[in-house]
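Following: one structure in structure tokens, then a few remarks.
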Protein chains: 2
Amino acid sequence: MQSPAKRYKWALACLKKSKSRLTHPRKIILCALAVHKLPVSLHVLGEELSGECNLVTIYRTMHYLQEAGVVRQVKLTARCTSFVLAAPGEHCDYLVCDQCGAISDLPDAQPILELEKQIAARSGFRALHHEAEFYGICLDCQSAAR
Amino acid sequence: MQSPAKRYKWALACLKKSKSRLTHPRKIILCALAVHKLPVSLHVLGEELSGECNLVTIYRTMHYLQEAGVVRQVKLTARCTSFVLAAPGEHCDYLVCDQCGAISDLPDAQPILELEKQIAARSGFRALHHEAEFYGICLDCQSAAR
DNA sequence: ATACTTGCAAAAGCTTTGCAACCTT
DNA sequence: AAGGTTGCAAAGCTTTTGCAAGTAT
């Protein structure tokens with residue numbers, strides 16, 4: 001599940017399963033999400049799709065897609081919510097620069113998945129999922145500071 | 001670092017070091033935070049301290065305390081920001097019920113700390129810190145659903 | 001034809017800012 | 001006395017809601 005095309009296809013199939021209508025706004029939103037492998041904020045998404053689709057529609061659609069399990073919400077900063085496609089086998093943990101806000105994904109966060117299993121077993125919680133962000137000052141910002 | 005009294009003492013000492021004035025609002029805010037071991041939302045804090053201190057002051061003070069390293073921001077839900085005292089040796093990872101919102105802390109999230117070290121080494125990021133939340137349906141909500 | 005979706009306008013929340021008055025040092 | 005702090009009012013953002021018009025099935 002790597003190329004934007006495959007991701008888009010997966011999202012569309014997901015949407016069809018949930019008996020929802022395939023409207024233009026939904027298609028272009030899924031398309032935009034398929035292109036971005038890292039979380040996109042609603043603000044940025046709104047700008048990218050401006051003219052094509054109303055911001056209100058984006059908000060409503062994101063809620064809907066989240067319920068349907070097509071996207072995952074990511075809370076990178078306090079001021080804005082971001083979303084990523086919840087395509088199977090993709091990373092869910094991120095490394096964020098405190099200074100410039102650059103996001104990168106974490107290649108190997110396997111330990112967190114194992115921890116998740118342990119927590120599920122111990123706590124009795126069902127439908128366990130998680131969100132983990134690591135923050136710091138990236139190399140670029142470090143050299144810029146000198 | 002367990003009892004509210006010790007936590008409060010630590011926070012006060014921390015504040016003195018940062019050359020800031022010890023005003024009434026600051027003291028009662030630190031006191032409230034010392035009592036809550038788990039993250040408190042600004043909304044709840046505002047209600048608890050209503051009459052004692054203005055909401056605007058709480059917002060400003062929290063920013064200030066965060067800069068000073070006295071508190072840590074926690075993004076449990078998209079709509080509201082919460083804060084906890086950043087007292088040394090305390091947990092930073094939480095287990096949250098998707099349904100009722102109950103928060104509990106995670107007794108053993110050691111693997112995440114180790115992962116953090118690895119990430120620091122590999123990425124070259126400085127001042128690494130993290131935030132991890134695990135979500136699911138708690139036992140109470142599971143039985144309530146039946 | 002039906003009922004789900006959208007867009008617009010407006011409302012509702014949460015957070016920040018300006019400024020005069022106040023209080024700690 | 002000096003300058004950091006606070007409270008009030010108001011502004012700024014982000015997110016949600018109501019409702020009529022539009023559209024996929």
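Numbered from 1 within each chain, the chains take letters A, B, ... in sequence-line order.
B/I29 places its CD1 atom 11 Å from the C1' atom of D/dT6, with the value rounded to the nearest Å. Put simply, CG on A/L49 is 15 Å from C1' on C/dG7, counting in whole angstrom units. The NZ atom of A/K75 sits 18 Å away from the P atom of D/dT14 (whole-angstrom rounding).
Counting only heavy atoms from C-beta outward, the side chains of A/H129 and A/R72 never approach each other to under 4.5 Å.
Residue A/R26 places its side chain closer to C/dT5 than to any other of D/dT6, D/dT15, C/dT5. Counting only heavy atoms from C-beta on, A/T81 has its side chain closest to D/dT15 among C/dG7, D/dT15, D/dG7.
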Using atom names, set out every protein N or O paired with an N or O of nucleotides 21-24 of chain D below 3.5 Å, distance rounded to 0.1 Å.
from   : atom 1 : to    : atom 2 : distance (Å)
D/dA24 : N3     : A/R21 : NH1    : 3.2

Polar pairs (N or O, both sides) under 3.5 Å between protein and nucleotides 16-22 of chain C?
from   : atom 1 : to    : atom 2 : distance (Å)
C/dT16 : OP1    : B/H63 : NE2    : 3.4
C/dT16 : OP2    : B/H63 : NE2    : 3.4
C/dG18 : O6     : B/R60 : NH1    : 3.4

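Taking hydrophobic clusters as Ile, Leu, Val, Met, Phe, Trp and Tyr residues chained together by side-chain heavy-atom distances below 4.5 Å, A/L33 shares a cluster with A/L42. Cluster membership check: A/I103 does not share its hydrophobic cluster with A/L85, using side-chain heavy-atom separations under 4.5 Å among Ile, Leu, Val, Met, Phe, Trp and Tyr.
No option in B/L38, B/D93, B/T81, B/V84 other than B/V84 meets the side chain to side chain contact (heavy atoms under 4.5 Å, CB included) test with B/V74.
At a threshold of 4.0 Å, the pair A/E133-A/K75 does not count as salt-bridged, since none of the basic side-chain nitrogens sits closer than that to a carboxylate oxygen.
Within the structure, ring pair (Phe, Tyr, Trp, His ring centres under 6.0 Å) pairs that include any residue of residues 45-75 of chain A do not occur (at least two apart or interchain).
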